[in-house]
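Residue numbers begin at 1 in each chain, while the letters A, B, ... track the order of the sequences.
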There are 2 protein chains.
Amino acid sequence: MPDTSSCQFEQRPRRLVMGTAGLQADFCKMCNVRPSSVCSAIENEDIGRLAEAAVETIVTPGRCFIEEGEPATDFFNVTSGTVKLFKALPDGRRQITGFAGPGHFLGLAVSDRYAFGAEAVDTVRLCRFSRERMRVLLDDFPRMERRLLEEASNELVAAQNQMLLLGRKTARERVASFLLDQANHGELNSEGQLHLPMTRGDIADYLGLTIETVSRTLSWMRAQGMIDVGKGYAITILAQERLESLAEGED
Amino acid sequence: MPDTSSCQFEQRPRRLVMGTAGLQADFCKMCNVRPSSVCSAIENEDIGRLAEAAVETIVTPGRCFIEEGEPATDFFNVTSGTVKLFKALPDGRRQITGFAGPGHFLGLAVSDRYAFGAEAVDTVRLCRFSRERMRVLLDDFPRMERRLLEEASNELVAAQNQMLLLGRKTARERVASFLLDQANHGELNSEGQLHLPMTRGDIADYLGLTIETVSRTLSWMRAQGMIDVGKGYAITILAQERLESLAEGED
DNA sequence: CGAATTTTTGATTTATCTCAACAACCGTGG
DNA sequence: CCACGGTTGTTGAGATAAATCAAAAATTCG
C-alpha cells in the first residue's frame, strides 16, 4: 500500500521531535487560553496536576504534527497560532475539515488512531498530553469530561454548518460564509482588517473549491465593493450585511 | 421574517403531541438498543432512575420532531426506525447531515436551541428525556457523560468523513461511499439485500447532489454490474470491492 | 383500477474546474 | 538597496461534471 500521507505531500519531515518535560504549575495558572479551553475545568488548587501532564510544543509553519491513520498517542491544546485539520484521498485530493485556533482541543478520536491529520498554518504553540495522562486526568476531574463534551458539541455544530456549506452553497455563498466566520472568530487588527493566516489553497481545500475559484470570487467581491483585499493576507469587510445575506443564499 | 422551517416544507403539523408518563424499570432493562446506546452507562441496579426520566414516543413517517432554531427542550434516543437530521437555507435548499438509527442519541447541542431539524424517515420509536432530567442523570451518573463523549466523538469522525465526501468526491464516489456506509451500518435482509428506508430525494440531500444525479448514478452502477436495484428501496451489492475502490477515488 | 407520487431517462445549460499564462510577492544574497 | 528565483495569487479561455428543464415510466395507495 502506497504511503498517502498529506504530510509527505508537504515535503516535510514525517515525525516531529518534541520535549518530554512537564510544566510548572504557574505555567498553566498564567495561561491566557485556559479560560476558554478545557483546562478551565481544573481549579487553581489542582492546576499542578494539569501542568505536570502537559508538555509545551512549538510547531513551525507547514509542519505536520498529527498524521491521519497513525496511532493516537497524544492530545493537544492549541495555545497560539492556527492549525488546519484535514482528511485526504489516496490521489491527493484534500478536504480541510476545520481550522483550530487558541483554546481548541485536538485529538477527540474514539479509535486508537487519528481520524484526521493536523498541520501548523503559522507558528503554533501547543500543550501536549499523552493518552494515558489524559485518561488519568479525566478520571480524577470529571468536570473536564463535561467540558470536553461541550467542546465536542460545539465542533459538531460547526461540522453541520460546514456540511450545509459544502453540500448546498454556491462558491460565492461559501466564500462569504468563510469570511464572516473568520471575522467572528475574532482576529480583527487595529483598523478593522481581518488577517487570514492561511493561503488561498487552504481556503479552497476548506470550502471544497479550487484556488482559482476562491481567487475569482474574492476579486468579484472586491469589484462589488463588499470587501477590500489588502497586501498579504489582510481583508477588510466593507459591507457586512450584504455578505451576511449572500452567505445565507438570500440573493 | 418568513418562516423557513423544513417541517412546513413537508406540509406536516408543526408540533408533535407526546406522552408525559415515565417508563417502568423493566422497559429499559429489556431494551434491545441499550447495549449500544448511552443508556448502557447506567447499571441494572440504577436503571429505574433512567426509566422514570424517559418517555416513549412514536413518530410517524415524514413527521418532524426537532425543528431547527426552536428551544432545545428535549433529548432523544432512537430505539427503532431511521431519523434524518438536516439543516436548511432560507430558499429551501437542504442538507441532510446524517441518518440516525437505533441506539443513536439526538440533541447534542450546546446552545439552548436546536442547531438542526430531525424528521422520521420511517416509523420511529424514541425515548425522550427533558433537558432538566437529563442534567440530573448526568450529574448522578458521570459514566453517562463519558459515554456521551464517545458518542459525540463518533459523530465527529462521521462528520469529517462526510465533509471529505461533500467537498472533494465525485457523484459516483459519493453514491458508492453511501451504499457501503449503509451496508456496514447493518440492515442486510435475508438475501444480502440492503433495504434503504429513505427516498432518492433524501439520498440526494445527504450527498449534496440532485435526485436525477443519484438516479443516473445508481443506473450506471447497475449497468456496470456493481449493484442490483430491486423493487422498492432494495439494493444488492454485487461487487463490494469495486465499490470500495470507487468510494476512495482509486478509479 | 386510476390518480398521485416517485423514479428514470433524455436534452440542454451552467457553475465550476482545468489548463495556461502572467503578475505579485517573499526571502535571500550580492 | 536591488536583482533573482521560487512560490503564491490573479486572470483568461475552454472543457466538463453535474444541474436544470422536460417528459416518460414505474410505483404506491386509496
Side-chain angles (χ1 to χ4, degrees), chain A residues 9-12 60-62 84 89 91-95 121-123 165-176 195-223 227-235 246 249 251, chain B residues 9-12 60-62 89 91-95 121-122 165-176 178 195-224 227-235 246 249 251:
Chain A
F9 231 58
E10 300 277 329
Q11 299 175 338
R12 304 270 179 176
T60 53
K84 54 186 173 198
L89 290 169
D91 65 4
R93 279 176 285 172
R94 183 159 83 155
Q95 179 64 36
V121 173
D122 45 17
T123 297
L165 179 148
L166 293 169
R168 291 300 182 210
K169 288 188 182 180
T170 66
R172 286 171 183 180
E173 290 161 2
R174 293 181 200 203
V175 174
H195 189 83
L196 303 175
M198 67 291 286
T199 66
R200 297 285 186 266
D202 288 337
I203 299 173
D205 280 348
Y206 180 56
L207 299 179
L209 301 170
T210 57
I211 292 176
E212 295 94 324
T213 299
V214 170
S215 181
R216 271 186 253 275
T217 305
L218 287 171
S219 296
W220 175 81
M221 286 176 173
R222 181 160 42 92
I227 62 172
D228 187 47
V229 181
K231 291 218 170 191
Y233 295 95
I235 286 183
L246 179 55
D251 260 285
Chain B
F9 230 58
E10 300 278 329
Q11 297 176 337
R12 303 270 178 177
T60 53
L89 290 168
D91 64 4
R93 278 176 286 171
R94 183 159 84 154
Q95 179 65 37
V121 172
D122 45 16
L165 180 148
L166 293 170
R168 291 300 182 211
K169 288 188 182 179
T170 65
R172 286 171 183 181
E173 291 162 1
R174 293 182 200 202
V175 174
F178 170 72
H195 188 83
L196 303 175
M198 67 292 286
T199 66
R200 297 283 185 268
D202 288 337
I203 298 173
D205 280 349
Y206 180 56
L207 299 179
L209 300 170
T210 58
I211 291 176
E212 295 93 324
T213 299
V214 171
S215 181
R216 270 186 253 275
T217 305
L218 287 172
S219 297
W220 174 83
M221 286 176 173
R222 181 159 42 91
Q224 296 284 310
I227 62 171
D228 186 49
V229 181
K231 290 218 168 190
Y233 294 95
I235 286 182
L246 179 55
D251 261 284

Visitor: May I ask you to test the B:L207-B:T213 pair for a side-chain heavy-atom distance under 4.5 Å?
Guide: no
Visitor: Taking atom P of D:dA17 as reference, at what distance in whole Å does atom CZ of A:R93 sit?
Guide: 12 Å
Visitor: Taking CG from B:D91 and P from D:dT20, how many angstroms apart are they, rounded to a whole number?
Guide: 11 Å
Visitor: Using a 4.5 Å cut-off on heavy atoms from C-beta on, say whether the side chain of A:I235 contacts that of A:L218.
Guide: yes
Visitor: Taking atom C1' of D:dA18 as reference, at what distance in whole Å does atom CG of B:L166 sit?
Guide: 15 Å
Visitor: Side chains of A:L166 and B:Q95: does their closest heavy-atom pair fall under 4.5 Å?
Guide: no
Visitor: Could you give the CG-to-P distance, from A:L209 to C:dT18, as a whole number of Å?
Guide: 11 Å
Visitor: Kindly compute the distance separating CD (B:Q224) from CZ (B:R172), expressed to the nearest 0.5 Å.
Guide: 7.0 Å
Visitor: Does some side-chain heavy atom of B:R222 sit less than 4.5 Å from a side-chain heavy atom of B:S219?
Guide: yes
Visitor: Take nucleotides 4-13 of chain C nucleotide by nucleotide from the 5' end and write B, S or -, depending on whether a protein heavy atom sits under 4.0 Å from the base, only from the sugar-phosphate, or from neither.
Guide: --SSBBBB--
Visitor: How close or far is atom P of C:dT16 from atom CZ of A:R172, stated in whole angstroms?
Guide: 8 Å
Visitor: Verify, without hydrogens or angle tests, whether A:R200 (side chain) and A:I211 (backbone) share a donor-acceptor contact under 3.5 angstrom.
Guide: no
Visitor: Got a donor-acceptor contact below 3.5 angstrom from the B:R93 side chain to the A:R168 backbone?
Guide: yes
Visitor: Taking the side chain as every heavy atom from C-beta outward, state whether B:V175 and B:L209 have any pair of such atoms under 4.5 Å apart.
Guide: yes
Visitor: Between atom CD1 in A:I203 and atom P in D:dT10, what is the gap in whole Å?
Guide: 9 Å
Visitor: Give the angle between the helix axes at the two ends of the helix from C:dC1-D:dG30 to C:dT16-D:dA15, taking five base pairs at each end and rounding to 10°.
Guide: 30°
Visitor: Quickly work out the A:K231 NZ to D:dG9 C1' distance and round it to whole Å.
Guide: 14 Å
Visitor: Any heavy-atom pair between the side chains of A:D205 and A:M198 that's under 4.5 Å?
Guide: no
Visitor: Once you round it to whole Å, what is the distance between C1' of C:dC17 and CG of A:D205?
Guide: 14 Å
